[in-house]
Every structure is written in C-alpha cells, then in structure tokens.
Amino acid sequence: MSSPTLSKRQAPPPAPDSRGRGPWRERAAFRQALKRNLTAHGFLVGAVLCFSFFSWYPMVREFFLAFEKREDGATVWAGWSNFTYIFNDPAFWQAWRNTLLFTGLALLLGFAVPFVVALVLNEFRHGRGYLRLLVYLPVMLPPVASVLLFKYFYDPGYGLFNRMLGAVGLPDQQWLQSTDTAMLSVVIAATWMNMGGATLIYLAALQGIPGELYEAAELDGAGILRKIWHVTIPQTRLVLSLMLLMQIIATMQVFVEPFLLTGGAGPEGATLTVVQLIYQYAFTFNNYGSAAALGLVLLVLLAVFSAAYVRLSRVSEE
C-alpha cells in the first residue's frame, strides 16, 4: 500500500534548458523583447502619422482641390475647368519654357561642375577634409542668406561681379534686370548653393573605386581623360544616374532662387517658373483650384518621367 505522503508528492520543477535558462528567465526575456518592440513600433507609428498628415494628406487634398472651385463662399465641383483655365493661360507655357531652360542650364553646371570638383578633390592626399568642408560650406548656409549674398554680387551699381568685369576692361552687366542674363544668373546662384552635397556624394563614390583598375589602365597607356571615361564613369554609373534623376526633379521645382533674386517673374517674365506660377495662382489671385491643377500636372509629369527614366536605366544595365 503506497504512502499518502508519496501519493501527494508534487512533480519536480522543469529543469533549465541547455543554456541554463529557466521558465522565469524566458518570461523576463519575453517581457523585455515585448517592451522593446512596443517602443520601436510606437516611434514607427508616430513617424507614419506625421508623414501621412504632412505628405499624403496634402497630396490627396490637392487631387480633389484641382477639381473644385469657390463660388459665393461655397466649394463646388468644377470638373476640368481648372485645367482648361491653366492651359489657356499664356503664363502657363512661358513658365514651362523657363523651367525647362533652368533645368537644362542647371544640369550643364549643377551636374557637371560637382563631378569635376569631386575628381579634383579625389587627387589630393593631404587636407582633403578641409577641402570637403570648404566645398560643403554653402550648403550649411541658410538659403535666404546665400541668395541675398548673390543679390549683392549682382547689383549693377556696386556689385562684385561688375567690379570684376570693370577690372579687366569689360562693360557692366544688368545681371538680374536683363532678359538675356536673368535666368543664367539664377542658375549660377543655385549651382553655388547646392553643389556641396552632390560633390561629397560623388567623392564618396570615387573613393570606392579599386585602385587596381587605374593601375591597369595606366599599364595600357591610358591618359587621364581615358581613365575617367573608361574607369571612373562606368564605376560610378549608378550614382551618376541617381543624381541625374534627383537633380532633374529638384530643378523642375525651383522656387527660392528666382523668387528672392528677381521677385519671382523677373524682367518680362524671364524667370517665371512652374512652382512660382502655382504660388501666384494660390496666394496672389486666390485661385487655389488652378494652383492645385497646375501642381497635379507637375506631379504627373515628374512621375511619368521618373518611371520612364528608371525603366530605361534598367534596360541599359541589362
């Protein structure tokens, strides 16, 4: 007959696993992981909410606003009338011509100059850090301060650029007051303000190129131009393609430089851009429907261009 003490004996606690952790340690680890995940998801939810409120909601609201208009203090459905209005506005086509001109000039300077500067900086072995700081310094300045600095340089009476021209015997220029030089003046200022970031990106890509490729090119008798064409550009093609796409999108949305340098439209509308025209529709004429319609047109064109560019880049890589 079995003993009552033995019959009521409890089962021994589970033994710890091979790593020496018991159930209480597993529960503690689970609570710690849960707390860590909840914290991470909390920050993620906050970021998504902020992004939704400040990015997604304005995009959706702009889409509906492009098909609405205000009549007698009430918002009514306008259909395609806002698009008809902007397409029949002569300023619409002038703004697109100026924007495309700015983009073309900005790519000639803003895309090529930073790459050339990065090539030069990459050849230095001493003081490269100070040179990087010097190149990136304009990016750290507030855009308004940089633009006002160039506005002083362009002054026809006492500006630095006219003084430099006078020192070499050349006539003074009406930089921002002439239709011939207004857009070029804006491009020069924008290039100086924004080239620092692109230069550092190109410099990082150049420093990732193996030195053996240049040594092999030198053994084949390649000069500096042939090394750049056959080694540097192919090795940095991905970065160059990405920067080209980003710069085209950025230059198509230029606003700060022409707005502060020339008051927006400039002489005879020579510096009127698409984004500046959106600003005029909304805050000068209080025509928010037309402003939203023009913004939607710009968004669609940039999206189509980006998709086509990415597609062509993939085809060329294959």
Side-chain angles (χ1 to χ4, degrees), residues 86-87 89-119 138-139 143 146-147 150-151 153-154 161 173-199 201-202 228-229 233 236-280 294-295 297-313 316:
I86 63 174
F87 288 140
D89 187 3
F92 173 83
W93 303 106
Q94 184 182 19
W96 275 107
R97 287 194 299 268
N98 293 337
T99 301
L100 294 176
L101 176 61
F102 178 87
T103 300
L105 293 175
L107 289 179
L108 289 177
L109 295 178
F111 185 73
V113 171
F115 187 69
V116 174
V117 173
L119 289 174
V139 181
S146 301
V147 172
F150 267 86
K151 196 169 185 178
F153 290 161
Y154 288 136
F161 291 158
Q173 299 292 328
Q174 300 292 324
W175 297 98
L176 300 176
Q177 292 76 24
S178 173
T179 57
D180 298 328
T181 57
M183 183 59 74
L184 180 61
S185 302
V186 173
V187 171
I188 294 174
T191 301
W192 183 84
M193 292 168 54
N194 303 307
M195 66 175 292
T199 301
I201 294 175
Y202 293 144
I228 293 175
W229 182 257
I233 293 180
T236 58
R237 181 176 300 172
L238 179 60
V239 176
L240 291 173
S241 300
L242 179 61
M243 292 300 297
L244 178 62
L245 176 61
M246 294 178 61
Q247 290 195 25
I248 290 177
I249 294 176
T251 53
M252 291 288 288
Q253 303 179 62
V254 62
F255 174 77
V256 175
E257 292 84 355
F259 180 76
L260 294 178
L261 285 174
T262 64
E268 301 180 11
T271 59
L272 178 66
T273 61
V274 174
V275 178
Q276 175 65 27
L277 185 59
I278 294 175
Y279 176 87
Q280 290 184 359
L294 182 53
V297 170
L298 179 61
L299 173 65
V300 171
L301 289 179
L302 289 180
V304 171
F305 168 77
S306 301
Y309 182 84
V310 172
R311 179 60 180 173
L312 292 175
S313 299
S316 63

**Study point:** Atom pair CD/OG1 of Q94 and T99 - distance to nearest 0.5 Å
**Key:** 10.0 Å
**Study point:** Considering all heavy atoms, the nearest A198-Q247 contact
**Key:** CB-NE2, 4.0 Å
Exercise for review: Check for a donor-acceptor pair, side chain of N194 on one end and backbone N or O of G110 on the other, with a separation under 3.5 Å.
Suggested key: no
Practice item. Kindly give the heavy-atom pair with the smallest separation between L176 and K151, and that separation in Å. Key: CD1-CG, 4.4 Å
Point to revise | Minimum heavy-atom distance Y309-S241, with the two atoms named | key: OH-O, 3.0 Å
Review point. What orientation do Y202 and F111 show, parallel under 30°, tilted 30 to 60°, or perpendicular over 60°?
Key: perpendicular
Review point. Are F150 and V186 close enough that some pair of their side-chain heavy atoms sits under 4.5 Å apart?
Key: no
Review point. Passes side chain to side chain contact (heavy atoms under 4.5 Å, CB included), L105 versus T191? Steps please.
Key: CA-CA 10 Å; L105 293 175; T191 301; over 6 Å; no
**Study point:** Y154 to S185 - nearest heavy-atom pair and separation
**Key:** OH-O, 2.7 Å
Exercise for review: Report the distance from atom CG of D89 to atom CD of Q280, rounding to the nearest 0.5 Å.
Suggested key: 9.5 Å
Show me the side-chain donor-acceptor pairs of residues 253-266 shorter than 3.5 Å, one per line, residues at least two apart or across chains.
unit_1 : atom_1 : unit_2 : atom_2 : d
Q253   : NE2    : I249   : O      : 3.2
T262   : OG1    : P258   : O      : 2.8
T262   : OG1    : T271   : OG1    : 2.7

**Study point:** Gap between atom CG of L109 and atom CG of L184 - 0.5 Å precision
**Key:** 7.0 Å
Practice item. Work out which heavy atom in A91 is nearest to a heavy atom in L277; give both atom names and the distance. Key: O-CD2, 3.7 Å
Check your understanding: Are the side chains of M195 and P114 in touch, meaning some heavy atoms are under 4.5 Å apart?
Key -> yes
**Study point:** Nearest heavy-atom neighbours spanning F92 and I86
**Key:** CB-O, 3.0 Å
Review point. Is there a donor-acceptor contact under 3.5 Å from the side chain of T251 to the main chain of I248?
Key: yes
Practice item. Starting at CD1 of I201, measure out to CG of L240 and round the result to the nearest 0.5 Å. Key: 11.0 Å
Review point. Does the side chain of S178 reach to within under 4.5 Å of the side chain of Q173, using non-hydrogen atoms?
Key: no
Point to revise | Step-by-step side chain to side chain contact (heavy atoms under 4.5 Å, CB included) determination, T181 to Q174 | key: CA-CA 7 Å; T181 57; Q174 300 292 324; 5.5 Å; no
Study note, to complete from the structure: When rounded to the nearest 0.5 Å, the distance separating OG1 of T236 from CZ of F115 is 4.5 Å
Practice item. Output the distance between atom CG (L272) and atom CH2 (W96), rounded to the nearest 0.5 Å. Key: 12.0 Å
